[in-house]
Amino acid sequence: MATGTEHPPPETGPATAATARKGRGGVHGPARATIAAGHLRTDRWWLAPAATAAGLLAFVVYSTWRAFANADYYAAPYVSPFYSPCLAENCVPMKGGPNWEIFGSWWGLSPALLILVFPLGFRLTCYYYRKAYYRGFWASPPACAVAEPHGTYTGETRFPLILQNAHRYFFYAALPVAGILTYDTVLTFRDASYAWGHMGLGTLVFLVNIGLIWAYTLSCHSCRHIVGGRLKHFSRHPVRYRLWGWVGRLNARHMQLAWASLLSVALADFYVYLLAVGAFDDPRFF
């Protein structure tokens, strides 16, 4: 009985074998059902990848502008997380802040370009962000049960996607960056004259931001694997098993933490920018 999904008998010969080896045809290959439509979904499946693409694109545009601006990133006692630590000689002097003049006067570009490569590399290779921009920008695939427009699929075995395998090393680099941002958050308990024992609205912004950054960083799949992924007997390692469980619970919220921390780091930078340009004075709680 015909169902409309039968294919003609497979051909044999060197041409057919070569085609199979190259994976030509994609979802329309001879091993798939002969459905003319690209998908049978009737909901607005395109909303999720479109919203993802719009959100990521907005952050890319904003962060690119701020990274190349090379200005308005410090308003005592707050320093933008995009510029911390400041590794060039052309950094704005920050009393007690993360001024590490590793790069001398020959560096004429924005100092943000020296440090952003590490947190951005960590996010770009993150397992969740891969899914986000694969679907949002490359339509690979755009959504569940929706055919992707590519005829072949090589996964992450070729350049540039093979660089995704460096995610664990970016995780190692993200840890000290998060530690430095924690130090910056401690410094926000000073006033504009660097006297301790004060708290402003910016302090609250920085506290929320660093909490989300640590939650996102520690919820990383690489962190979960490093903590307990290679253990054969959890009973012999109770401390690591407990840590593995905590990271696992965070990992279940990795997507939400990825977006929340992305928004918070942009908000912290924008707050410092507004203070630096004199848009308003930082409200003080005490």
About how many Å separate [atom2] of [Y] and [atom1] of [X], when rounded to the nearest 0.5 Å?
{"X": "Leu175", "Y": "Cys220", "atom1": "CG", "atom2": "SG", "answer": "9.0 Å"}
{"X": "Leu207", "Y": "Thr188", "atom1": "CG", "atom2": "OG1", "answer": "5.5 Å"}
{"X": "Asp269", "Y": "Ser264", "atom1": "CG", "atom2": "OG", "answer": "11.5 Å"}
{"X": "Ser140", "Y": "Lys131", "atom1": "OG", "atom2": "NZ", "answer": "13.5 Å"}
{"X": "Glu101", "Y": "Trp107", "atom1": "CD", "atom2": "CH2", "answer": "15.0 Å"}
{"X": "Arg190", "Y": "Met199", "atom1": "CZ", "atom2": "CE", "answer": "15.5 Å"}

Hey, are the side chains of [X] and [Y] touching, using non-hydrogen atoms and a 4.5 Å cut-off?
{"X": "His198", "Y": "Ser193", "result": "no"}
{"X": "Ile115", "Y": "Trp100", "result": "no"}
{"X": "Tyr133", "Y": "Leu124", "result": "yes"}
{"X": "Leu87", "Y": "Pro111", "result": "no"}
{"X": "Tyr273", "Y": "Arg66", "result": "yes"}
{"X": "Arg41", "Y": "Val146", "result": "yes"}
{"X": "Glu148", "Y": "Pro142", "result": "yes"}
{"X": "Ser105", "Y": "Asn90", "result": "no"}

Would [X] end up clustered with [Y] when hydrophobic side chains under 4.5 Å apart are linked, directly or stepwise?
{"X": "Trp246", "Y": "Leu250", "value": "no"}
{"X": "Leu257", "Y": "Tyr129", "value": "yes"}
{"X": "Tyr62", "Y": "Val277", "value": "yes"}
{"X": "Tyr172", "Y": "Phe122", "value": "yes"}
{"X": "Tyr128", "Y": "Leu57", "value": "yes"}

Test log, rule side chain to side chain contact (heavy atoms under 4.5 Å, CB included), inputs Trp244 and Arg224: CA-CA 6 Å; Trp244 180 81; Arg224 188 168 185 259; 3.2 Å; yes
Side chains of [X] and [Y] only: does a donor on one sit below 3.5 Å from an acceptor on the other?
{"X": "Trp214", "Y": "Thr182", "answer": "yes"}
{"X": "Ser219", "Y": "Asn251", "answer": "no"}
{"X": "Tyr83", "Y": "Asn70", "answer": "no"}

Using a cut-off of 6.0 Å, state whether more than 12 heavy atoms not belonging to [X] lie near its atom [atom1].
{"X": "Asp281", "atom1": "CG", "answer": "no"}
{"X": "Tyr241", "atom1": "OH", "answer": "no"}
{"X": "Phe270", "atom1": "CZ", "answer": "no"}
{"X": "Arg253", "atom1": "CZ", "answer": "no"}
{"X": "Tyr169", "atom1": "OH", "answer": "no"}

Any idea which heavy atoms bring [X] and [Y] closest together, and the distance?
{"X": "Ala67", "Y": "Leu113", "result": "CB-CD2, 4.1 Å"}
{"X": "Val92", "Y": "Tyr73", "result": "N-OH, 2.8 Å"}
{"X": "Arg240", "Y": "Val227", "result": "NE-O, 2.8 Å"}
{"X": "Ala268", "Y": "Val205", "result": "CA-CG1, 3.8 Å"}
{"X": "Thr125", "Y": "His167", "result": "OG1-ND1, 2.9 Å"}
{"X": "Leu187", "Y": "Gly96", "result": "CD1-O, 3.2 Å"}

Geometric class of the His254/His221 ring pair [parallel <30°, tilted 30-60°, perpendicular >60°]: perpendicular
Test item: Thr64 side-chain N/O and Val60 main-chain N/O as donor-acceptor pair under 3.5 Å: yes
Contacts of type ring-ring contact (aromatic ring centres under 6.0 Å, His included), residue Phe285, not counting sequence neighbours: none
Row check, Tyr216 ring normal vs Arg123 NZ/CZ: under 6.0 Å, within 45°: yes
Proximity of Phe68 and Trp65 rings by center, below 6.0 Å: no
Qualifying residue, where the test is ring pair (Phe, Tyr, Trp, His ring centres under 6.0 Å) with Phe206 and the options are Tyr78, Phe189, Tyr183: Tyr78
Stepwise side chain to side chain contact (heavy atoms under 4.5 Å, CB included) check, Cys144 with Arg135: CA-CA 10 Å; Cys144 293; Arg135 290 190 171 189; 3.5 Å; yes
Audit row: Asp282, Tyr271, side chain to side chain donor-acceptor pair (under 3.5 Å) steps and yes/no: CA-CA 9 Å; Asp282 182 42; Tyr271 188 84; 2.4 Å; yes
Full working for side chain to side chain contact (heavy atoms under 4.5 Å, CB included) between Ile226 and Val247: CA-CA 10 Å; Ile226 292 169; Val247 174; over 6 Å; no
For Cys86, disulfide (SG to SG under 2.5 Å) partners two or more places apart: Cys91
Full working for side chain to side chain contact (heavy atoms under 4.5 Å, CB included) between Leu116 and Ser63: CA-CA 10 Å; Leu116 280 180; Ser63 60; 5.7 Å; no
